[in-house]
Protein chains: 4
Amino acid sequence: MFRYLTSGESHGKRLTTIIDGMPSGLRISAADINTDLRRRQGGYGRGARMAIEKDVVEITSGIRHGVTLGSPIGLTVENRDWENWEGPMNSEAIAVKDKKQVTKPRPGHADLPGALKYDHRDVRNILERSSARETAARVAAGGVARRFLDEFGITVRSWVVGLGGVSAEVTGPPARLFKAAEASPLRCPDKIATEAMKRTIDLAKENGDSLGGIFEVSATGVPPGLGTHVQWDRKLNARIAMAIMSIQAIKGVEIGMGFDAARNPGSRVQDEIFYRAAKAGRKKVGGFWPETGGFYRKTNNAGGLEGGTTNGEPLVLRAAMKPIPTLYKPLRSVDIGTKKPYKASVERSDVCAVPAASIIGEAVVAIELADAFLLKFGGDSIREISRNYKGYLKQVRDF
Amino acid sequence: MFRYLTSGESHGKRLTTIIDGMPSGLRISAADINTDLRRRQGGYGRGARMAIEKDVVEITSGIRHGVTLGSPIGLTVENRDWENWEGPMNSEAIAVKDKKQVTKPRPGHADLPGALKYDHRDVRNILERSSARETAARVAAGGVARRFLDEFGITVRSWVVGLGGVSAEVTGPPARLFKAAEASPLRCPDKIATEAMKRTIDLAKENGDSLGGIFEVSATGVPPGLGTHVQWDRKLNARIAMAIMSIQAIKGVEIGMGFDAARNPGSRVQDEIFYRAAKAGRKKVGGFWPETGGFYRKTNNAGGLEGGTTNGEPLVLRAAMKPIPTLYKPLRSVDIGTKKPYKASVERSDVCAVPAASIIGEAVVAIELADAFLLKFGGDSIREISRNYKGYLKQVRDF
Amino acid sequence: MFRYLTSGESHGKRLTTIIDGMPSGLRISAADINTDLRRRQGGYGRGARMAIEKDVVEITSGIRHGVTLGSPIGLTVENRDWENWEGPMNSEAIAVKDKKQVTKPRPGHADLPGALKYDHRDVRNILERSSARETAARVAAGGVARRFLDEFGITVRSWVVGLGGVSAEVTGPPARLFKAAEASPLRCPDKIATEAMKRTIDLAKENGDSLGGIFEVSATGVPPGLGTHVQWDRKLNARIAMAIMSIQAIKGVEIGMGFDAARNPGSRVQDEIFYRAAKAGRKKVGGFWPETGGFYRKTNNAGGLEGGTTNGEPLVLRAAMKPIPTLYKPLRSVDIGTKKPYKASVERSDVCAVPAASIIGEAVVAIELADAFLLKFGGDSIREISRNYKGYLKQVRDF
Amino acid sequence: MFRYLTSGESHGKRLTTIIDGMPSGLRISAADINTDLRRRQGGYGRGARMAIEKDVVEITSGIRHGVTLGSPIGLTVENRDWENWEGPMNSEAIAVKDKKQVTKPRPGHADLPGALKYDHRDVRNILERSSARETAARVAAGGVARRFLDEFGITVRSWVVGLGGVSAEVTGPPARLFKAAEASPLRCPDKIATEAMKRTIDLAKENGDSLGGIFEVSATGVPPGLGTHVQWDRKLNARIAMAIMSIQAIKGVEIGMGFDAARNPGSRVQDEIFYRAAKAGRKKVGGFWPETGGFYRKTNNAGGLEGGTTNGEPLVLRAAMKPIPTLYKPLRSVDIGTKKPYKASVERSDVCAVPAASIIGEAVVAIELADAFLLKFGGDSIREISRNYKGYLKQVRDF
């Protein structure tokens with residue numbers, strides 16, 4: 001079990017994550033997590049705030065001398081700009097000079113539905129929590145999950161495959177795509193597409209507009225048998241769809257061939273099954289030999305998931321992110337106090353956050369995989385889980 | 001809270017659903033549920049089994065004299081063909097004549113990952129549960145949820161918008177689209193597309209192939225404020241994505257503009273906010289006046305969900321169903337006993353089950369909405385919930 | 001994970017249980033479950049209804065040819081008296097001759113709080129579900145859990161240690177106590193106390209009164225390490241307390257020395273720790289050698305649980321059952337329709353149901369242990385779980 | 001819904017609580033929470049550490065300008081002695097001078113079962129989390145729940161009713177008992193018993209021994225209808241038993257008459273039902289009139305819970321705390337490294353922590369009541385919940 005909660009407002013004192021269920025004996029340091037926090041803050045087209053944030057995690061519990069204890073892991077990310085927000089965001093009912101309320105809900109944000117639901121007349125009380133800043137707390141949780149998966153040779157990667165109207169040509173082994181993505185300012189492995197994306201962003205910026213895009217998440221080294229077909233809420237495809245859709249601004253998710261599968265005949269969609277005998281001496285990944293023999297596919301249209309269960313092929317999914325709803329170009333809205341129409345615009349903002357979203361996508365997929373892995377293999381220490389996992393891999397090899 | 005579990009194998013004695021959390025005082029009869037069970041079994045392109053099934057629900061608990069008690073609702077759907085399966089599927093270790101094992105996993109099904117996970121040498125032990133027949137139990141649960149939502153003027157509808165390569169032209173008010181869909185053998189409101197779809201199915205049948213498609217689910221009368229932005233696993237878009245993706249053969253889900261939102265600039269995606277004063281005497285829907293005034297949108301690209309919360313506009317989502325994986329045309333696979341390759345094919349099967357899937361889509365969306373509704377408005381009887389809901393609608397109107 | 005829901009009213013058509021999370025490969029038959037159902041119906045001092053019921057389970061899913069599939073297990077217990085209740089308890093809004101409402105809530109039952117909560121004017125709508133008859137569905141679930149635990153040498157037993165004012169002398173090895181309990185009409189291992197209890201029951205019957213009592217549940221063969229100290233809601237003592245307190249009429253639960261621990265100094269309460277080296281060839285229990293070496297205690301005041309975690313000693317707990325609230329002797333109450341006082345009494349009823357409650361206690365403890373076992377050892381088949389468990393036992397032995 | 005997780009080790013940097021589900025609009029300040037933190041640290045018989053700790057909460061999210069936002073509430077309690085523990089408890093793999101391992105598990109603690117489960121050779125890796133210090137994080141959560149309940153006139157109080165062998169005479173109205181308890185160094189309302197308890201503690205201290213005791217928790221102003229009888233895991237008595245048993249060192253819990261109910265005949269146990277018409281102008285409590293009319297009891301042997309549901313009478317429960325397991329007087333144990341026996345003792349420790357435990361008892365009961373309240377009445381803002389609650393109270397009054 002990997003369960004977690006986050007708390008924290010965008011301009012609040014600190015973001016907090018509590019992870020419950022991590023086994024003992026996992027080597028991990030703040031640096032492991034900071035890598036992902038830094039990756040989340042990159043990307044061409046981000047606004048000025050990214051420079052202020054420079055997120056760094058603090059580990060407050062659950063890890064001692066670089067190793068997990070088995071107890072809940074507490075992670076925090078401080079707001080480096082807190083001194084400027086201590087008044088407007090103070091938890092106490094202090095006298096605040098600058099107590100001006102936000103009364104203008106922005107279209108495309110949680111502002112208006114949130115204010116109606118929670119009965120707030122100051123929209124700040126909503127937007128502070130609905131902000132994508134919260135995802136830093138999830139990326140921190142994802143860093144722990146990723147470190148855990150790494151012990152078992154499971155690697156979660158992502159890249160951008162579309163941005164605005166630009167589609168990238170993305171094929172090849174995950175490791176190579178990932179390397180190219182990390183070198184691209186837009187996390188896109190296709191260099192030509194990267195250039196086109198940059199220009200599209202520049203143009204959108206000139207127009208005061210914003211852009212969304214599509215990213216792909218890949219997980220390799222995944223054994224068959226994570227998730228299950230037996231009950232609707234334990235299907236791994238369902239849980240992953242939930243995790244992905246919970247990321248701010250995501251409006252679509254597809255696994256494997258996804259929507260294209262709906263447009264093709266069955267004979268082109270299903271992944272035929274082949275078998276090769278196991279061989280000694282195959283490549284060892286992270287202490288295990290996940291793909292040294294047994295059943296396999298030559299295609300992966302299913303994206304590694306059949307019947308809610310992993311089938312041993314890489315997990316592949318794509319998510320659609322809508323454009324950032326905060327624009328320079330004004331959008332019409334209504335003041336919730338006066339009920340008068342006004343035109344909503346902002347002076348500075350990101351134009352596009354798809355590269356950041358892809359990192360968050362990695363995080364939530366890593367979390368769901370860690371959760372499914374722990375449910376399948378049980379165990380309270382890395383040693384115990386490794387033993388259980390090895391036994392299962394042998395069982396699968398000998399099936 | 002609306003939680004439920006299902007049990008039952010495809011050729012087992014009976015499918016069972018237990019629903020926990022339905023309030024008391026809801027008028028409901030088996031007929032309400034049977035309507036949806038029958039709708040699930042229709043559609044052009046279905047195989048012979050649909051004729052055998054003719055599902056009928058039996059209510060075994062939780063409802064008395066046509067009204068819910070507040071206690072768990074037990075629903076069952078008998079297997080009408082049980083006498084022919086009493087041997088092969090008997091729960092006891094009886095002597096069975098025809099105990100031949102299924103050793104040939106079908107590509108695209110849970111067969112192989114399931115057999116590896118659960119260590120089964122007889123693939124029947126997997127396929128009996130992974131079968132889409134299980135969805136009858138969910139449609140039964142959905143029937144209860146739908147009846148509940150109906151009390152509050154919330155209506156969940158669906159229609160098919162694509163099948164194989166054929167796309168339909170689907171615009172207009174939900175009620176009209178729904179009426180047209182119900183009249184179409186493929187649940188497609190577009191008559192011309194319906195004809196093209198039928199021909200595509202006929203052609204696929206000739207080729208021994210199968211087809212998938214895309215359906216849309218719409219929910220009207222939904223108040224703003226269901227779901228929340230505050231914690232990742234309580235976002236309604238996330239929960240709905242999970243529910244939809246948990247349906248057999250679904251490979252993608254998108255809300256509102258979905259993947260197209262990723263390809264358009266923000267100025268074309270966000271739904272601007274307008275306001276009109278409430279008027280007395282507007283149209284009453286199901287005892288409530290959900291849309292008589294207040295904030296509204298002229299577009300609905302968000303599909304009714306912003307920041308994980310409903311915004312008062314209709315909920316709109318689409319799901320991609322892959323083609324049925326069981327084909328006449330052989331697919332290559334491997335016998336799990338001998339490890340020899342073989343060619344998998346079947347003598348009879350559905351060619352396309354998209355219309356059925358759309359009914360299941362309605363069911364799971366109704367369930368998630370009922371769950372979110374109960375969480376937001378609390379209450380243990382319809383009378384109490386109605387009172388709470390009316391109070392909230394007034395609060396929103398006066399906001 | 002072992003999760004389950006039950007549904008069914010006392011005089012409804014059928015009780016239903018769905019268990020989700022049982023692994024595949026467990027040998028089990030209806031007879032295994034019926035044993036416990038029969039045990040629940042015994043005991044000196046039961047009323048006439050026990051003779052009517054004669055509960056028999058029907059397995060409707062999840063088990064094939066005597067072995068679990070890994071899919072949800074559906075269990076039902078029919079109401080053998082259904083023909084007499086088809087009118088009063090019909091799910092449909094049929095014309096019912098005998099539709100008289102129950103308007104007189106009985107003190108000590110859920111009748112009045114339930115009617116207020118669910119807004120029912122007919123108390124039957126509450127009492128049908130709050131009845132202890134529901135526990136037959138839980139005992140059925142417990143039968144599955146017990147069969148599972150049996151594979152790993154874990155045995156859950158119970159006996160009555162007090163009834164009315166009579167206390168029994170209960171010491172000795174669990175197996176012997178259990179044998180004596182099974183031979184006693186009151187499930188009390190102490191023969192002299194059994195006689196005194198019988199007389200107390202006879203006297204209570206003459207007085208038109210009812211009696212409660214105290215039962216003890218013991219689980220042997222439990223490995224150290226089930227449950228955890230790390231998060232409040234995963235502590236096994238907490239989960240067991242919840243399960244026990246959820247049994248109808250239970251008002252207290254204590255683990256190990258329980259309330260007496262509060263009255264004694266620490267030096268008499270804590271169980272000192274000893275060690276003996278493991279020896280080859282020790283007694284094998286259920287395929288495992290749970291107690292062949294390592295750390296042990298000479299006392300078990302903790303009842304096998306320290307810090308929310310099992311410590312390898314037998315689990316021991318006691319529960320207090322209040323007297324059955326339905327008496328011949330009248331209790332004052334108020335008609336909910338007329339608001340007039342009346343005197344509540346019944347013509348026939350059980351005088352004492354403590355022996356039955358002890359069987360239910362076994363069931364819910366078995367369920368919680370199975371759940372904790374599955375969380376700790378993971379695995380989807382008995383073969384996989386056994387392998388994981390053996391590895392852990394060795395790890396503990398070599399600690 | 002009121003769900004929460006805690007993290008933090010006893011000598012770690014900081015304890016953290018995240019509460020998810022608190023509605024918006026609740027006025028609350030750190031001072032409200034600090035009151036309970038301070039109360040937890042009091043009591044005759046505590047060791048020196050209490051003086052070091054002086055817990056103070058920091059609110060890091062979810063509350064702005066003294067009012068809840070509806071978003072998750074982050075609470076932390078710093079370790080004031082952190083500078084002395086920064087080496088031994090550092091999260092990073094730094095070079096630590098004083099890295100000596102704890103290899104001597106203390107009987108009665110989680111030390112040994114925890115080390116076996118999590119495969120730790122340094123018992124500090126267990127004891128740091130299993131320590132009762134964690135309860136400060138729960139008391140902080142309880143402070144929020146208490147503030148919430150206060151809005152609806154629900155008050156949770158506690159007092160000590162037994163300590164070592166000394167029993168107190170505790171009868172009278174909750175408010176008076178509470179006042180007397182707060183004035184007692186042992187939180188015992190009975191002055192004579194308080195003196196006897198102090199002497200018992202002094203004697204235990206001289207003997208190098210420790211003591212447990214029994215505390216009672218009372219909740220007044222509770223409406224009928226919280227919890228339910230319909231499903232085992234939603235019964236409020238079960239959930240409260242779980243919460244209480246999850247407190248460190250608790251070995252028993254009983255509701256109302258508890259274990260005594262098992263020893264008395266039904267005619268003395270059940271609470272008869274009476275009725276009085278509602279009157280205008282009765283005493284207003286916290287904005288509501290919970291007890292101005294309707295059904296009531298003259299006795300409260302049920303402790304306010306019948307059939308898993310509150311019945312409108314005060315909730316009353318008792319918990320048994322075992323003596324603190326750390327003694328001056330040596331207990332025999334075994335070094336996990338050498339396997340040699342040794343005698344475990346400590347130089348300084350608390351002798352008795354029952355008064356502190358009673359505060360924790362208040363906290364967890366307040367949390368469960370807040371959770372049940374939110375489930376029953378729904379709502380996302382205090383205004384909405386108040387409206388729903390008032391409607392229900394009227395419904396009950398007019399029943």
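Side-chain atoms are counted along with the backbone in the values below, which use heavy atoms only and exclude waters and symmetry mates.
- Counting heavy atoms of neighbouring residues, nucleotides and ligands inside a 6.0 Å radius, atom CZ of D/R121 exceeds 12 of them.
- Between chain C and the options D/R268, D/R234, D/K322, the largest number of non-hydrogen pairs under 4.5 Å is found for D/K322.
- D/E306 places no side-chain N or O within donor-acceptor distance of the main-chain N or O of C/A110, the cut-off being under 3.5 Å.
- Put simply, of C/I244, C/D260, C/I126, the one with the most heavy-atom pairs under 4.5 Å next to chain D is C/I126.
- Contact tally against chain D (heavy-atom pairs below 4.5 Å) for C/A238, C/G252, C/G337: the top residue is C/A238.
- Interface remark: D/N311 contributes backbone and side-chain atoms alike to the contact with chain C (heavy atom separation under 4.5 Å).
- Proximity to chain C (any heavy atom under 4.5 Å) is restricted, for D/K235, to the side chain, taken from C-beta onward.
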Given D/K343 and C/E272, is the side chain to side chain contact (heavy atoms under 4.5 Å, CB included) satisfied, shown in steps? CA-CA 10 Å; D/K343 294 203 163 190; C/E272 296 183 310; over 6 Å; no
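- Chain D forms more heavy-atom pairs under 4.5 Å with one residue of C/P105, C/P113, C/S7 than with any other, namely C/P113.
- Both the backbone and the side chain of D/D233 have a heavy atom closer than 4.5 Å to some heavy atom of chain C.
- Heavy atoms of D/Y4 lying under 4.5 Å from chain C belong to its backbone as well as its side chain.
- Chain C forms more heavy-atom pairs under 4.5 Å with one residue of D/G307, D/P325, D/G256 than with any other, namely D/P325.
- Heavy-atom pairs under 4.5 Å with chain C were tallied for D/K376, D/M257, D/M245, D/Q395; the largest tally goes to D/M245.
- Of the atoms belonging to D/A204, not a single heavy atom falls under 4.5 Å from chain C.
- Looking at D/A115, both its backbone and its side chain come within 4.5 Å of chain C, counting heavy atoms on both sides.
- Of the two parts of C/V230, the backbone and the side chain both hold a non-hydrogen atom closer than 4.5 Å to a non-hydrogen atom of chain D.
- Ring geometry for D/H229 against C/Y118 counts as perpendicular: the plane angle is over 60°, on a 0 to 90° scale with 30° as the lower cut.
- To the nearest 0.5 Å, the span separating CG on D/D111 from CD1 on C/I273 amounts to 7.5 Å.
- Both the backbone and the side chain of D/L5 have a heavy atom closer than 4.5 Å to some heavy atom of chain C.
- No part of C/K340 comes within reach of chain D, as not one of its non-hydrogen atoms sits under 4.5 angstrom from that chain.
- To the nearest 0.5 angstrom, D/F399 atom CZ is 7.0 Å from C/L112 atom CG.
- D/Y392 OH to C/K117 NZ: the interatomic distance, rounded to the nearest 0.5 Å, is 6.5 Å.
- Looking at C/D209, its side chain does come within 3.5 Å of a backbone N or O of D/G266 through a donor-acceptor pair.
- Here the shortest heavy-atom pairing between C/P323 and D/A261 reads CD-O, 3.1 Å.
- When C/V396, C/T310, C/D119, C/N264 are compared by the number of non-hydrogen pairs under 4.5 Å with chain D, C/D119 comes out ahead.
- Heavy-atom pairs under 4.5 Å with chain C were tallied for D/A249, D/G258, D/G303; the largest tally goes to D/G258.
- Counting heavy atoms from C-beta on, the side chains of D/I214 and C/F259 come closer than 4.5 Å.
- No other option in D/C352, D/S267, D/G227, D/S210 has as many heavy-atom pairs under 4.5 Å with chain C as D/S267.
- Contacts of D/E254 classified as side-chain hydrogen bond (donor to acceptor under 3.5 Å, both in side chains), with partners at least two apart in sequence or in another chain: D/R318.
- Using a 4.5 Å cut-off between heavy atoms, D/R297 contacts chain C through its side chain alone, with no backbone atom that close.
- Of the listed residues (C/G165, C/A241, C/A320), the one with the most heavy-atom contacts under 4.5 Å to chain D is C/A320.
- Looking at residues two or more places apart in sequence or on another chain, you find a side-chain hydrogen bond (donor to acceptor under 3.5 Å, both in side chains) between D/R138 and D/E134, D/S246, D/Q248.
- With a 4.5 Å cut-off on non-hydrogen atoms, D/P341 does not touch chain C at all.
- Heavy atoms of D/V253 lying under 4.5 Å from chain C belong to its backbone as well as its side chain.
- Both the backbone and the side chain of D/T228 come within contact range of chain C, each with at least one heavy atom under 4.5 Å from a heavy atom of that chain.
- Between D/A262 and C/G213, the shortest heavy-atom contact is CB-O, 3.3 Å.
- Contacts of C/I240 with chain D are absent, with no heavy-atom separation under 4.5 Å from either backbone or side chain.
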Worked check of side chain to side chain contact (heavy atoms under 4.5 Å, CB included) between C/V166 and D/R263: CA-CA 8 Å; C/V166 182; D/R263 299 177 192 112; over 6 Å; no
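- For chain D, the nearby parts of C/N237 are the backbone and the side chain; heavy atoms of each come within less than 4.5 Å.
- For C/K205, the NZ atom is loosely surrounded, since the number of other residues' heavy atoms within 6.0 Å does not exceed 12.
- Considering CD of D/Q270 and NZ of C/K329, their distance stands at 12.0 Å, rounded to 0.5 Å.
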For the pair D/I336 and C/F295, evaluate side chain to side chain contact (heavy atoms under 4.5 Å, CB included) and give the outcome as yes or no after the intermediate values. CA-CA 9 Å; D/I336 62 169; C/F295 302 93; 4.0 Å; yes
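- Ranked by non-hydrogen atom pairs under 4.5 Å with chain C, the options D/L211, D/L163, D/I324, D/V269 are led by D/V269.
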Go through D/M242 and C/R239 one step at a time and tell me if the side chain to side chain contact (heavy atoms under 4.5 Å, CB included) criterion holds. CA-CA 6 Å; D/M242 178 177 177; C/R239 299 191 74 93; 4.1 Å; yes
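- Between atom CZ of residue C/R129 and atom CD of residue D/Q231 there is a gap of 5.5 Å, rounded to the nearest 0.5 Å.
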